[in-house]
**Q** 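If you scroll down you'll find the structure; I have some questions about it.
The first residue of the sequence shown is numbered 1, and numbering continues consecutively from there.
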Amino acid sequence: MVTRPSVAYRVALLMWGALALVVLALAAVAATEYDEVATALETMLARGSSGATDTDIADTAKVTLLGSAATAVLLLVVAGIGLSLSAARKSYAIIVLLVAGLGTIGASILFWSFMSDAASVAGGALRWGPLVCAGLAVIATVAASTIRRR
């Protein structure tokens, strides 16, 4: 007899799927509007760095954007592994999903703060997108914490 996944598992899976779509949308915005996003990030970095050269600031902006993208990919992979473990009813899946969820919440808030000066790009997508990611990660993490393992 095949058992259906629990409601909590389906909610967590749906939230991580939606979160992945929002991350892809944010990546598309950052790629298509790269010059404007990089300039806004450089402006924010220049305010807080006395004595840094323009090249240093530009390099820091590039590394920040690449690091944000790499972090997003890594956290989505960890969440996928956690969901796979949960589907296999492994007891340690909750730990993996909690790490992915809490990491995603933190990374989303951090990216939101980085993009504060680029908030007007693409109709405000960089203003609300990271907050949507954080909200979806909260729901996914709460749902994952209620998945029953037998």
**Q** Please identify each residue that fulfils side chain to side chain donor-acceptor pair (under 3.5 Å) with D56, with sequence neighbours left out.
**A**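 Side chain to side chain donor-acceptor pair (under 3.5 Å) check on D56 returns T53.
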**Q** What's the shortest heavy-atom distance between A12 and A143, and which atoms?
**A**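 Here A12 and A143 meet closest at N-CB, 3.9 Å.
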**Q** Return a table of donor-acceptor pairs under 3.5 angstrom between the side chains of residues 64-75 and protein atoms on other chains or two or more places apart.
**A**
unit_1	atom_1	unit_2	atom_2	d
T64	OG1	T60	O	2.7
S68	OG	T64	O	2.9
T71	OG1	G67	O	2.8

**Q** Please tell me whether M15 and L102 are part of a single hydrophobic cluster in this structure, the criterion being side-chain heavy atoms less than 4.5 Å apart.
**A**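 Cluster IDs for M15 and L102 differ.
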**Q** In terms of hydrophobic clustering (I, L, V, M, F, W, Y; side-chain heavy atoms under 4.5 Å; direct or indirect links), are V142 and Y9 co-clustered?
**A**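 Result: no, two separate clusters.
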**Q** Supply the atom-to-atom distance L45 CG to D59 CG, rounded to the nearest 0.5 angstrom.
**A**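 Here the interatomic distance stands at 11.0 Å.
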**Q** Do I105 and V138 come close enough that some side-chain heavy atom pair is under 4.5 Å?
**A**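 Side chain of I105 against side chain of V138, heavy atoms only: contact under 4.5 Å found.
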**Q** My understanding is that only residues two or more places apart in sequence, or in another chain, count here; which of them pass side-chain contact (heavy atoms from CB on, under 4.5 Å) with L131?
**A**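 With neighbours one apart ignored, the set is I109, W112.
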**Q** Would you please test L76 and W16 for side chain to side chain contact (heavy atoms under 4.5 Å, CB included) and show each step?
**A** CA-CA 8 Å; L76 288 172; W16 279 111; 4.1 Å; yes
**Q** Looking at every heavy atom in both A8 and T146, which two are closest together, and how far apart are they?
**A**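 Smallest interatomic distance, heavy atoms only, reads CB-OG1, 3.3 Å.
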**Q** Is F111 reachable from L24 through a run of hydrophobic residues whose side-chain heavy atoms are each under 4.5 Å from the next?
**A**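 No.
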**Q** Could you go through residues 30-43 and list every donor-acceptor pair under 3.5 Å that involves a side-chain atom there, pairing it with any protein atom two or more places apart or in another chain?
**A**
unit_1	atom_1	unit_2	atom_2	d
T32	OG1	A28	O	2.9
T32	OG1	V29	O	3.3
T39	OG1	D35	O	2.7
T43	OG1	T39	O	2.8

**Q** Can you see which heavy atom on I147 is nearest to which on S6, and at what distance?
**A**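 Residues I147 and S6, closest heavy atoms: CG2-OG, 4.2 Å.
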**Q** Mind checking the CG-CZ spacing from D117 to R127? Nearest 0.5 Å is all I need.
**A**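 Reported value, rounded in 0.5 Å steps: 11.0 Å.
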**Q** Kindly give the heavy-atom pair with the smallest separation between A93 and S86, and that separation in Å.
**A**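 Answer, listing the atom of A93 first, then S86: CB-N, 3.4 Å.
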**Q** Heavy-atom distance under 4.5 Å between the side chains of L97 and T141, does that happen here?
**A**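 Side chain of L97 against side chain of T141, heavy atoms only: no contact under 4.5 Å found.
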**Q** Closest approach of P130 and A125, non-hydrogen atoms and distance?
**A**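 That would be CD-O, 3.9 Å.
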**Q** Can you sort out the partners of S108 under side-chain contact (heavy atoms from CB on, under 4.5 Å), two or more places apart, ordered by chain and number?
**A**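 Partners of S108 under the side-chain contact (heavy atoms from CB on, under 4.5 Å) test: T104, C133, A134.
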**Q** What's the shortest heavy-atom distance between V22 and G129, and which atoms?
**A**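 So the two residues come closest at CG1-O, 3.7 Å.
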**Q** Who pairs with T55 by side chain to side chain donor-acceptor pair (under 3.5 Å), at least two apart in sequence or on another chain?
**A**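 T55: no side chain to side chain donor-acceptor pair (under 3.5 Å) contacts found.
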**Q** For the hydrophobic clusters of this structure (ILVMFWY residues joined by side-chain heavy atoms under 4.5 Å, transitively), does one cluster hold both L21 and V132?
**A**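 Cluster IDs for L21 and V132 differ.
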